[in-house]
Colleague: 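Structure incoming, see below.
This structure is a prediction, so every number in the text was calculated from the model and none was measured.
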Amino acid sequence: MEDRSSEFHQRLGKLAELKSLGVEPYPNGFKPDHTCADVQKKFGEATKEALTATPERVSIAGRVMALRDFGKASFIHVQDRSGRLQAYVKKDVLSTDDFAVFGKCDVGDIIGICGPVFRTRTNELTVEAREFKLLCKGLNPLPEKWHGLKDVEARYRQRYLDLMVNPEVKDVFVKRADAVRFIRDFLVGRDYVEVETPMLHPVAGGAAAKPFTTHHNALDMELYMRIAPELYLKRLLVAGFERVFEINRNFRNEGTSTQHNPEFTMLEFYQAYATFEDLMDLTEEMISSLVFRVKGSMKMNYQGTPLDFTPPWTRISVKEAVLKFSNAGEDVFVDKDAALSFAKGLGLHVPEGLSHGKVIIEIFEKVAEPMFIQPTFVTHYPIEVSPLARKNAEDQSVVDRFELLVAGREIANAFSELNDPLDQKERFLKQIEEKAHGDLEAHPMDEDYVKALEYGMPPAAGEGIGIDRLVMLLTDSPSIRDVILFPLLRR
RNA sequence: GAGCCGCUAGCUCAGUCGGUAGAGCAUCUCACUUUUAAUGAGGUGGCCCCGGGUUCGAGUCCCGGGCGGCUCACCA
């Protein structure tokens, strides 16, 4: 407590004075009967005269966000979860004791007020304090009322302050909660069951990513924080759930950026007897109706770029996209060496050991991915980069998969699921080969998953949607940290 | 991992050519019983991110480090 602000010490002094007056500075039990918004809603239409003629008493509680002191009378702004409301504290209608307590109050304290609602000379709806109760003495001063808290580092490290004084920040997280609830209702309404699968995995599967490792002491067992729930959810298809989804955290031991946080929220859902084409239809419906719900329109702006989510959305294959947005020839898709030399011509760093499909994806990401601003389904990814997806019936070099791209970014990834246990085992073995060739993120073998498939998994399609990135779009947030309450920072 | 930018009072920010560290808000004292960033008068408040160097003298220049942001790379 040595190097605290002088105001901290001044407030400690007030705290001591309150205690010496016999006032408990942190009491419990005050019950507000209205929120600030309740009062606005209930009396917003009432005239000054009507309120004076039949005064109605309310009690509210919240944090003091502004205080204008006139000596024997003061105006304060009280902020609760619903918003702000003005209160008027007048010496001659309060008890001497209550007024003395008010005298020790500062901006940032949490208080409770009971009294009639009236309108001031300027017609502002206001609660006149007949009773005033201190509910929590704040010791640290709040950020400035006018400029708020701007310092980005402080906003992340002390998010509670950011949320307290910057209302638009709280709006983002309320919208996030709304979006998640909408998605949950959407899937539940289609007979999906919400489940929770392990976060601690003995094998880090279901995606190509570097996992966090951890250790279980009692079992003396190496474990991985999950990088994806996919393989567990598909075990549940084997089990007979047929329609399951999970909204939960994934962890990836990789760098951070405006689009990457080491822990992020993923929706994955799986539907038996559906194909990836069915999921394109479902995704169109889910996302467009979500956009409409949050934005009130199918059209919106993201960082100044107009986006239109009105279905149907463009569907284009990886191959078509590469041919369209570059001068690559067909040979790039037939001959690995042609692909390699074309990639090098683009200035891409492509080691010889890379698989043909991986080279094609490198090319696609360079030349085509940034071009897809409006919602677009990109389909038919190379089989080498999709070890869990079902092969396309006509072209065995690609799988029945799509990614949804919006604003040049991946929002969703889905495919018809591979349910042939022998094929799956071969794909895992191929991945292990690629790991030997230096692909650090090749998928590891999961014998237990193969065993589950051997019992029979119904034909199905599954999809993953990155909730954080989706919420970035919905809230026009430039950084993923803007949609994560407590983003990871160095100590 | 590389480049660029930032870090000064509780908050938001100035700080010239290297010459005694500033403003607004907040806070404290006084006045004020209908204000809206209330007003008026007067005060308090500093590890200028940290460490080294150059210099008579460093918030300022140089070197190293820390934390953060952006871009690129890596990565879905």
Colleague: Which whole-number value in Å describes the distance from A:Gln10 CD to B:rU29 C1'?
Modeller: 11 Å
Colleague: So for atom CZ, which belongs to A:Arg390, do other residues, nucleotides or ligands contribute more than 12 heavy atoms lying within a distance under 6.0 Å?
Modeller: no
Colleague: Quick check: any donor-acceptor pair below 3.5 Å linking the side-chain of A:Gln86 to the base of B:rU35?
Modeller: yes
Colleague: Could you tell me whether A:Tyr88 contacts a base, only the sugar-phosphate backbone, or nothing, with contacts defined as non-hydrogen atoms closer than 4.0 Å?
Modeller: base
Colleague: I'd like the C1' distance from B:rG18 over to B:rA23, given in whole Å.
Modeller: 23 Å
Colleague: Nearest-Å distance, CD (A:Glu128) to P (B:rU34)?
Modeller: 12 Å
Colleague: Hey, which of A:Leu346, A:Val385, A:Leu348 is the one that makes side chain to side chain contact (heavy atoms under 4.5 Å, CB included) with A:Glu362?
Modeller: A:Leu348
Colleague: In whole Å, what separates the P atom of B:rU29 from that of B:rG22?
Modeller: 25 Å
Colleague: At 4.0 Å (heavy atoms only), tell me whether A:Lys90 reaches a base, stays on the sugar-phosphate, or touches nothing.
Modeller: base
Colleague: Classify the side chain of A:Arg68 versus the base of B:rU35 as yes if they form a donor-acceptor pair under 3.5 Å and no if they do not.
Modeller: yes
Colleague: Of the nucleotides B:rU12, B:rU27, B:rU71, which one has an atom closest to the side chain of A:Lys150?
Modeller: B:rU12
Colleague: Would you say the side chain of A:His260 and the base of B:rC75 hold a donor-acceptor pair, judged only by whether the two atoms sit under 3.5 Å apart?
Modeller: yes
Colleague: For A:Leu142, report the nucleic acid contact type (base, sugar-phosphate, nothing); a contact means any heavy atom under 4.0 Å.
Modeller: nothing
Colleague: The test is side chain to side chain contact (heavy atoms under 4.5 Å, CB included); show your working for A:Phe402 and A:Tyr381 and say whether it passes.
Modeller: CA-CA 7 Å; A:Phe402 72 82; A:Tyr381 279 68; 5.7 Å; no
Colleague: With the criterion set at under 5.5 Å between ring centres and under 30 degrees between planes, would B:rU35 be stacked on A:Phe75?
Modeller: yes
Colleague: For A:Ala154, report the nucleic acid contact type (base, sugar-phosphate, nothing); a contact means any heavy atom under 4.0 Å.
Modeller: nothing
Colleague: How would nucleotides 1-7 of chain B be written as a contact map, 5' to 3', with B for base contact, S for sugar-phosphate-only contact and - for no contact, using protein heavy atoms under 4.0 Å?
Modeller: -------
Colleague: Does the cation-pi check pass for A:Arg235 over A:Tyr232, that is, NZ or CZ under 6.0 Å from the six-membered ring centre and within 45° of its axis?
Modeller: yes
Colleague: Could you check whether A:Ser257 gets within reach of a base, just the sugar-phosphate, or nothing at all, counting any heavy atom under 4.0 Å?
Modeller: nothing
Colleague: Is there a donor on the side chain of A:Thr120 or the base of B:rU35 sitting less than 3.5 Å from an acceptor on the other?
Modeller: yes
Colleague: Only one of A:Glu230, A:Glu268, A:Arg226 clears side chain to side chain contact (heavy atoms under 4.5 Å, CB included) with A:Thr197; which?
Modeller: A:Arg226
Colleague: Heavy atoms only, 4.0 Å cut-off, all strands: where does A:Arg481 land among base, sugar-phosphate and nothing?
Modeller: sugar-phosphate
